[in-house]
Amino acid sequence: DKQTMLDFRIGYAPEDGQALYKHLSDKGFKDEELQKAGLNVVRYNKQSDMFRGRIMVPLMDAHGRVVGFKARLLKDSDTAPKYINTPQTILYDKGRHVFAFHLAKEAIRKEKVCVLVEGNLDVVSAHQAGTKHVVATAGTALTEGHIKAVRHFTEDIRICFDQDSAGQSAVERSLAVASRMGVSLSVLPLPEGKDPDDVIREDKTTWQKVLDSPVYGVDWLIDRYIKQLDISTAKGKREFTDIILKRLADIKDPVEQDHYVGVVARRIEVSEDALRSKLSRSSDTPTRPKKRTKAVSASSPSKSEAQLQERTKLRDHLLAIGLYQPALRKSVIHIPKEVIEKQYPQQLFDLLEQYVDGNKDIFMDNALKEISEYVKILQLQFEQLYKELDLIELRDEVARLKTRLIERYVAHKKQSLTEQLSHVTDEATESTLLAQVDKLNALLKR
């Protein structure tokens, strides 16, 4: 409908072949710029539009800025592909781009779920049907870049790919990526032979049932291969466990891994010990490592020291980005100063507040020279970890670091308050300590 076309900025490229080139040339753009943006190509030794006679669907970044296009042929032809995309450019990276994320991110935050489909037009149909927490990747490959884009809003990703072999294979590959990135991946099974657009057009009630019926990724994988292989035979059981145990080895949580060892053992009627033995041989981290006794050396950090080291690392990485990326300073300093804890970091925090707009050079301030040794450490960390990342990735990293730092700070403070409360004898002191706990809870929630 009209509103959907306006929301997604859907347009048209004329068949002329040079319409856009002439228009942009008149605006003063150079041939080299148009080619680097993926809008123009050279055909028969002359400049020509990349897109001709096609419906144009803009690809936009997380802020709604156009970085490329997906173009569908308006009149089907045997000599031209139905869809073409903007080629990889300095603006458009399909390994990181999440289609319609700028329109979906608030709904994803509200629903705490991100639904991932294959086709851009599946997303358009879903949004028109009122399910706005739906996005798509370029093609069917889920990458770490895609997960990084949505992880700040939710860690519950649900894939709704086509039921054909290509779509199902893409789901399977996605399980490994999601496990590596520490997010929860579920599958939304579609009716046979249908894609989301088909389902939405035919019956929105069926579409809602699909959205309400997630199957956890590992359960989906087990069911998929139970149907494909003859697990009544030794050969089938071997092939089945070869596939499934690779995924179980990726599971970091020992309780979840242990649960699925039991599930697989019951489904194929073998002993759990046999599965654990095979899992330990195929993985660098056995499902149940042998217990070892180890003397604690003088250099082994205690639990509290390890926690302090983690908070220090999170704090320093956050301040390093704030120092060397002025565009992100406002976000970096949007936390209570007490979370920073130590003297030199707090001095730097004060300076970042003074130079938050980035209009003046912070490195000319004598106050920075007073903590020059600490600054050198941050410089090394920034150059090693963050120098090559673009602004969007750094923005996501700042959000992650802030969240983790505050979580660790609150946990540390609560532990101290809990110890004090266990020895308190008067109501006034108890009330004061409990008020501090409430303040920490409010900080964590914010």
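Predicted model, so just to flag it, every value in this text is computed and none were measured.
Under 4.0 Å is where a charged nitrogen must lie from a carboxylate oxygen, and between K209 and D203 no such pair does. A salt bridge links E202 and K194; the closest N-O separation between the charged side-chain nitrogens and carboxylate oxygens is under 4.0 Å. The pair E310-K313 fails the salt-bridge criterion, with no side-chain N (NZ, NE, NH1 or NH2) lying under 4.0 Å from an Asp/Glu carboxylate O. R311 and E341 are joined by a salt bridge, as a carboxylate oxygen and a charged side-chain nitrogen come within less than 4.0 angstrom of each other. With salt bridges taken as basic N to acidic carboxylate O contacts below 4.0 Å, one links R96 and E393. A salt bridge between R109 and E106 is present, with a side-chain N of the basic residue lying under 4.0 Å from a carboxylate O of the acidic one.
With sequence neighbours left out, the side chain to side chain donor-acceptor pair (under 3.5 Å) criterion links H63 to R395. In this structure S232 satisfies the side chain to side chain contact (heavy atoms under 4.5 Å, CB included) test together with D230, sequence neighbours excluded. The side chain to side chain donor-acceptor pair (under 3.5 Å) search around R201 returns D197, not counting sequence neighbours. Residues forming a side chain to side chain donor-acceptor pair (under 3.5 Å) with D162 (at least two apart in sequence, or on another chain): none. A search for salt bridge (charged side-chain N to carboxylate O under 4.0 Å, His left out) contacts involving K376 returns E373, not counting sequence neighbours. With sequence neighbours left out, Q347 forms a side chain to side chain donor-acceptor pair (under 3.5 Å) with Q343. For L443, the side chain to side chain contact (heavy atoms under 4.5 Å, CB included) criterion is met by P336, V339, I406, Y409, V410, R446, not counting sequence neighbours. Remark: Y83 pairs with K70, R72, L121 by the side chain to side chain contact (heavy atoms under 4.5 Å, CB included) rule, at least two apart or across chains. For D1, the side chain to side chain contact (heavy atoms under 4.5 Å, CB included) partners are Q3, T4, Q128, not counting sequence neighbours. For D242, the salt bridge (charged side-chain N to carboxylate O under 4.0 Å, His left out) partners at least two apart in sequence or on another chain are R238, K278.
Atoms CG and OG1, from L279 and T241 in turn, are 10.5 Å apart once rounded to the nearest 0.5 Å. The structure places CD of E155 at 12.5 Å from CG of L185, a figure rounded to the nearest 0.5 Å. The line from CD1 of I200 to OG1 of T206 is 11.0 Å long, rounded to the nearest 0.5 Å. Here CG of L175 is found 9.5 Å from CG of D250. Values are rounded to the nearest 0.5 Å. Here the straight-line distance linking atom CD of E111 with atom CG of L211 works out to 9.5 Å at 0.5 Å rounding. Separating the CD atom in Q346 from the CG atom in L351 is a distance of 12.5 Å, to the nearest 0.5 Å.
Summarising the local packing, CD of E338 is surrounded by more than 12 heavy atoms from other residues, nucleotides or ligands at distances under 6.0 Å. Within a 6.0 Å radius of NZ in K252, more than 12 heavy atoms belonging to other residues, nucleotides or ligands are found. Few gaps surround NZ on K337; more than 12 heavy atoms of other groups in view lie less than 6.0 Å from it. Heavy-atom contacts from other residues, nucleotides or ligands closer than 6.0 Å to CZ of R404 number 12 or fewer.
In this structure the side chain of V57 reaches within 4.5 angstrom of the side chain of F99, judged on heavy atoms. Using a 4.5 Å heavy-atom threshold, the side chains of V134 and V117 count as touching. Between L103 and K132 the shortest side-chain heavy-atom distance does not fall below 4.5 Å. Between V187 and F161, the closest side-chain pair of non-hydrogen atoms is not below 4.5 Å. Contact check for P345 versus Y374: side-chain heavy atoms found under the 4.5 Å cut-off. Looking only at side-chain heavy atoms (C-beta outward), Q88 and K94 come within less than 4.5 Å of each other. Looking at heavy atoms from C-beta onward, V437 lies out of side-chain contact with L433 at the 4.5 angstrom threshold. At a threshold of 4.5 Å between non-hydrogen side-chain atoms, the residues T131 and Q208 count as touching.
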For this session: Show your working on side chain to side chain contact (heavy atoms under 4.5 Å, CB included) between R65 and M60 and close with a plain yes or no.
Result: CA-CA 5 Å; R65 298 173 297 196; M60 293 175 251; over 6 Å; no
Exercise. How far apart are the C-alpha atoms of L391 and L328, what are their side-chain angles, what is the distance that settles it, and do they pass the side chain to side chain contact (heavy atoms under 4.5 Å, CB included) test?
Worked result: CA-CA 8 Å; L391 195 61; L328 297 177; 4.0 Å; yes
For this session: Carefully, step by step, assess D122 and S125 under the rule side-chain hydrogen bond (donor to acceptor under 3.5 Å, both in side chains).
Result: CA-CA 5 Å; D122 291 327; S125 292; 5.8 Å; no
For this session: Give the intermediate values and the outcome of side chain to side chain contact (heavy atoms under 4.5 Å, CB included) for residues K105 and C114.
Result: CA-CA 9 Å; K105 58 186 179 182; C114 176; over 6 Å; no
Problem set entry | Audit row: C160, L190, side chain to side chain contact (heavy atoms under 4.5 Å, CB included) steps and yes/no | CA-CA 7 Å; C160 189; L190 288 162; 3.6 Å; yes
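Ring to ring, F363 and Y324 are close: their centroids are under 6.0 angstrom apart. Ring centroid separation for the pair H317 and F382 does not come in under the 6.0 Å cut-off. The six-membered or imidazole ring of F349 lies away from that of Y344, with a centre-to-centre distance of 6.0 Å or more.
Between the side chain of T86 and the backbone N or O of F69, at least one donor-acceptor pair lies under 3.5 Å. Proximity of a side-chain donor or acceptor of S280 to a complementary backbone N or O of S277 within less than 3.5 Å is detected. Remark: the backbone N or O of T143 is paired with a side-chain donor or acceptor of H146 at under 3.5 angstrom. When atom types are taken as modelled, the side chain of T432 and the backbone of A428 share a donor-acceptor pair closer than 3.5 angstrom. The main-chain N or O of G322 is found under 3.5 Å from a side-chain atom of R329 such that the two form a donor-acceptor pair.
Pairs passing the side chain to side chain donor-acceptor pair (under 3.5 Å) check and including a residue from residues 179-190, sequence neighbours excluded, read E144-R180.
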Would you mind writing out the side-chain donor-acceptor pairs for residues 214-224 within the sub-3.5 Å range, not counting sequence neighbours?
from : atom 1 : to   : atom 2 : distance (Å)
Y216 : OH     : E256 : OE2    : 2.5
D219 : OD1    : Y260 : OH     : 3.3
D219 : OD2    : Y260 : OH     : 3.0
D223 : OD1    : R267 : NH1    : 3.4
D223 : OD1    : R267 : NH2    : 3.2
R224 : NE     : E172 : OE1    : 3.3

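Scanning both residues, A104 and V135, for their nearest heavy atoms gives CB-CG1, 3.5 Å. Here the shortest heavy-atom pairing between L275 and L245 reads O-CD1, 4.1 Å.
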